A.B. asks: 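Following this message is one structure expressed as structure tokens.
Values in this document were obtained by computation on a predicted structure and should not be read as measured data.
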Amino acid sequence: LGTQDVANVLNACAKLDATGNPKIVEALAQRATTRVNDFKPVEVAAVTHAIIKLSVASRPALGAIAATVKERADDFRARQLATVLHAFSSLTMAYSKLFQSLGPAVAANAHLA
């Protein structure tokens, strides 16, 4: 499966609030987070939302996503950054550094939303 395929399947599962076969969802989530640098910003946003909503995100996976978003913040549109930040905001773990580092990117893209 390509990056868009993985993002689409995970996003569909999240929208349906259905894990179906948990092993498949977990395998797709693992694949997505290990290859997060290969994903387009819209795919990163969709995957982030999906794996957090489906509760299949591990701390290392979230760290990988956060690092990628920080590094590539200028590639993300305001809506994509908002999706990622909204997903992270629903966690009980603190990711304040992610929010602080993405503030300038959100502000710079605010007029494009």
A.B. asks: Looking at Thr33, Asp5, Val6, which one forms a side chain to side chain contact (heavy atoms under 4.5 Å, CB included) with Leu28?
C.D. replies: Val6

A.B. asks: With sequence neighbours excluded, what pairs up with Asp38 under the salt bridge (charged side-chain N to carboxylate O under 4.0 Å, His left out) test?
C.D. replies: Arg35

A.B. asks: Could you work out, with side-chain contact (heavy atoms from CB on, under 4.5 Å) as the rule, every residue matching Glu71, not counting sequence neighbours?
C.D. replies: Ala67

A.B. asks: With sequence neighbours excluded, tell me which residues meet side-chain contact (heavy atoms from CB on, under 4.5 Å) with Ala82.
C.D. replies: none

A.B. asks: Which residues satisfy the side-chain contact (heavy atoms from CB on, under 4.5 Å) test with Asp75, sequence neighbours excluded?
C.D. replies: Pro41, Arg72

A.B. asks: Name all residues meeting the side-chain contact (heavy atoms from CB on, under 4.5 Å) criterion together with Lys15; count only those two or more places apart in sequence or in a different chain, and write none if there are none.
C.D. replies: Asn11

A.B. asks: Check residues 42-57 and write down every donor-acceptor pair under 3.5 Å in which the side-chain atom is one partner and the other belongs to a residue at least two apart or another chain.
C.D. replies:
unit_1 : atom_1 : unit_2 : atom_2 : d
Glu43  : OE1    : Thr3   : OG1    : 3.0
Glu43  : OE1    : Lys40  : N      : 2.9
Glu43  : OE2    : Gln4   : N      : 3.4
Thr48  : OG1    : Val44  : O      : 2.7
Lys53  : NZ     : Ala14  : O      : 3.1

A.B. asks: Once side chain to side chain donor-acceptor pair (under 3.5 Å) is applied, do any residues pair with Asn37, and if so which ones, sequence neighbours excluded?
C.D. replies: Thr68

A.B. asks: Considering non-hydrogen atoms only, spot the tightest contact between Ala87 and Ser90 and give its length.
C.D. replies: O-OG, 2.7 Å

A.B. asks: Distance from Phe88 atom CZ to Ile65 atom CD1, nearest 0.5 Å?
C.D. replies: 5.5 Å

A.B. asks: Can you name the residues that form a side chain to side chain donor-acceptor pair (under 3.5 Å) with Gln80, not counting sequence neighbours?
C.D. replies: none

A.B. asks: Among all residues two or more places apart in sequence or in another chain, which pass the side chain to side chain donor-acceptor pair (under 3.5 Å) test with Thr83?
C.D. replies: none

